[in-house]
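The structure under discussion appears below in the form of C-alpha cells.
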Amino acid sequence: MEQNVYDVLEERGFLKQCSHPEELHELLGKEKVTFYIGFDPTADSLHIGHYVALMTMAHMQRAGHRPIVLLGTGTAFIGDPSGKTDMRTLMSKEQLAHNAACFQKQMSRLIDFSEGKAIMVQNGDWLYDLNFLDFMRDIGVYFSVNRMLTAECYKQRMERGLTFFEMSYMLMQSYDFLELNRRYGCTLEMGGDDQWNNILGGADLIRRKEQKLAYALTTALLTTSDGKKMGKTEKGAVWLDKEKCSVYDFYQYWRNVGDQDVEKCLALLTFLPMDEVRRLGSLPGEQINEAKRVLAFTLTKQVHGEEEAIKAQTAAEALFSGGKDQSSIPTCELSMDDIAASGLRVVDLLVISKLASSKSDARRLIQGGGVFIDDVKVESVNQMLETSEIEGDGMIFRKGKKSYCRVRKA
RNA sequence: GGAUGGGUUCCCGAGCGGCCAAAGGGAGCGGACUGUAAAUCCGUUGUCACAGACUACGAUGGUUCGAAUCCAUCCCCAUCCA
C-alpha cells in the first residue's frame, strides 16, 4: 500500500504549518487533490529556493495529485512585502513575461505537464484587467487592516514603512486562490513558510465567498542549521540556469554544504529513500564527505542532467582528489583580443577569467598569497606569462583553494 | 500641508572644515589549521598606469587655500501633528 504523501512530506522535513492537518491528511489519502503553488517571476531563472517548492510539487504529483503552477506575472507586478526589508524594484510587464517564460522552461524538467497532469497559468491573465473599485468591493471588504498589520511577515516593514500598493499584494494572492478554486477546483495552496499569511488569506477568502473549505500548507525554507538562508554563493544566488550559475559551481555548492545540513538537503532536494538519507547523514567524521558527494551529484543530475553532472564530478575529482581527467575543468578561452589586451600579465588574466573582480582585487589576491598557476604560487604582482604557456591545454589558474579556471588560447 | 530627525563605502553604523578612501561591527575574499565541513586565529575589502593618481559620503549649485563635514535649492525616508 502506498504511503500517504502527507506522511512522505512530513518525514522528509517539508512541512511547516498547515491549516487543517488531520483533514488534509485524510483527504490526500483518499482522493485526487488539485493544489497550487505560486512563483513570482522576479528574475530570469529559478533558484534553489524555488526548487524546494518544486520538490513538494513533484512528490504530490507522484502521489497522484494535480499541481497547478501559477506564474505570478500579476502579483510580481506589485511585489510581495512579506518578510522583506525594502520594497522590490518594480518591473515592467514585458520583463515579467520574459521571466515567466524562463521559469516555464526550467520547471518542465521536474514536473510532468503532459496530458493535463499539471496545469500552468499566469495570474496576469486575470489580475491585469481587474477593475479597482469592483475588486475592492468584491474582495477588499473581506480583509481586515487591523489583522494584516499584526502579521509577523510585515514586522520589518512596519519599522521602515509599507505602502498601500504593497499591502494590496495579499489581496491579489488571496484572489488567485479563489480564482483557481473556481476555475479548477483547486482546494490547497502550498508555499514557503514566509507565505503562510498570504495563503491563509486565500483560504479564508474561499471560505467566505464560496462557503467551501480550502487548505493552506507551508513548507520549510531552505536554511542552514544556524538559521541562515541557504543558496547564496560568492556570485549570488544558486541559480538553476547554467548561464547564471555554472554546473561546476552548482555542484561545488552542494559538495561544500556544512556537515549539519547534508541530511536536510538530501531529504528536501533529492528523491533518495529516507533510510538512505539517514544513513548518509549520520556518517561520522570525514566520511560525511561521501554524503556530500551523493548530494552534489544527485541534485546536479536532477537539475542539469546526468551528462553535465558527470562532467562536474570529473572536474572536481581532477582538481581535488588527483583525478586524471582534466577535460571538464572550467575553462576560459582567450581570444587574440584578450591576449593583446592583457599583454599576458597575470593580473589581467585573473580578471578575464573572472577569478578576480578587478585588477586591484587581483593584486590583493596575489599579495595575500592566494593565486597559483599550475600549483605554483604567484609571487609577484607583475608576473607575466609566455605565449607558449597558454597554447594547447593552457595553464590552470587557482584562486584560493576552491576556485579554478583553465586559461588557454582559443 | 506643518514640526523634528535623517540620507555615508556590499549591509548596519561612526565621523560633523584639513590628520578621511572615511572608526567599529556584519558579510565577502585570501592565509594558517582541517575533511573541498564547522569553529578559531591572522590578513584584506573603491578604481587605475598602484610608494603616485583618480573617483566616492542623496542631487545640484555656492562659501573656503581646502568640504562627507558649512550655506542654498531640490529629491527621498522616518517620527509626531493635521
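No hydrogens, no waters, no symmetry mates; every other heavy atom, side chains included, goes into these values.
Across every strand in view, B:G17 sits unpaired, with no contact that passes the Watson-Crick or G-U test at under 3.5 angstrom. Base pairing annotation: B:A68 forms no Watson-Crick or G-U wobble pair, as no partner gives both donor-acceptor distances under 3.5 Å. Pairing of B:G5, defined by two Watson-Crick or G-U wobble distances under 3.5 Å, is identified with B:C77. Nucleotide B:A38 has no partner under the Watson-Crick or G-U criteria, as no pair reaches both atom distances under 3.5 Å.
Atom CG of A:Asp259 and atom P of B:U34 are 16 Å apart (whole Å). Between the P atom of B:A38 and the NZ atom of A:Lys292 lies a distance of 7 Å, rounded to the nearest Å. To the nearest angstrom, C1' of B:U45 lies 10 Å from CG of A:Leu365. Between the CG atom of A:Leu280 and the P atom of B:G35 there is a distance of 21 Å, given to the nearest Å. When rounded to the nearest whole Å, the span between CZ of A:Phe397 and P of B:G30 equals 16 Å. Across the protein-nucleic acid pair, A:Lys359 atom NZ and B:U44 atom P stand 24 Å apart, rounded to whole Å. What separates CD of A:Gln367 from P of B:G30 is a distance of 16 Å, to the nearest Å. For the pair A:Gln252 CD and B:A37 C1', the interatomic distance rounds to 13 Å; values are reported in whole Å.
Two residues, A:Asp361 and A:Gln313, neighbour RNA chain B, and the one matched to the more 5' nucleotide by heavy-atom proximity is A:Gln313. Of the residues near RNA chain B, A:Arg293 and A:Val371, the one whose nearest nucleotide (by heavy atom distance) lies more toward the 5' end is A:Val371.
Rounded to whole Å, the P atom of B:A32 lies 37 Å from the corresponding atom of B:A14. A gap of 12 Å separates the P atoms of B:A56 and B:G61, to the nearest Å. Distance check on atom P: B:G15 versus B:G24 gives 14 Å, rounded to whole Å. The gap from the C1' atom of B:U55 to that of B:A22 amounts to 14 Å, rounded to the nearest Å. With P as the reference atom, B:C54 and B:G1 are 43 Å apart, rounded to whole Å. With both ends at atom P, the span from B:C20 to B:C16 equals 12 Å, rounded to whole Å. Between B:C29 and B:A38, the distance separating the two P atoms is 10 Å to the nearest Å. B:A78 sits 33 Å from B:G18 when the C1' atoms are compared, rounded to a whole Å.
Here A:Arg182 pairs with A:Glu210 in a salt bridge; the nearest charged N to carboxylate O distance falls below 4.0 Å.
Under 4.0 angstrom from either OP1 or OP2 of B:U47 there lies at least one side-chain N or O belonging to A:Arg364. Side-chain nitrogen and oxygen atoms of A:Lys402 include none within less than 4.0 Å of the OP1 or OP2 phosphate oxygen of B:C29. Taking 4.0 angstrom as the limit, A:Ser360 places none of its side-chain polar atoms (N or O) nearer than this to OP1 or OP2 of B:G46.
Counting only distance, with no hydrogens or angles, the side chain of A:Asp193 and the backbone of A:Thr218 share no donor-acceptor pair below 3.5 Å. A donor-acceptor contact shorter than 3.5 Å is absent between the side chain of A:Glu189 and the backbone of A:Tyr36.
Seen from the ring of A:Phe271, A:Arg62 counts as a face-on cation partner, given the 6.0 Å and 45° thresholds. By the 6.0 Å and 45° rule, A:Arg208 does not stack over the aromatic ring of A:Tyr142. For the pair A:Lys399 and A:Tyr404, the cation does not sit on the ring face, since its NZ or CZ is not both under 6.0 Å from the ring centre and inside 45° of the axis.
Backbone-only engagement by A:Ser358 is indicated by non-hydrogen atom pairs under 4.0 Å involving sugar-phosphate atoms exclusively. Base contact: A:Arg255 has a heavy atom under 4.0 Å from a base atom. Within the 4.0 angstrom heavy-atom criterion, only backbone atoms of the sugar-phosphate kind lie near A:Val257; the bases stay farther away. Using a 4.0 Å heavy-atom distance criterion, A:Ile288 is classed as a base contact.
None of A:Phe250, A:Tyr248, A:Trp239 except one satisfies the ring pair (Phe, Tyr, Trp, His ring centres under 6.0 Å) rule with A:His304; the exception is A:Phe250.
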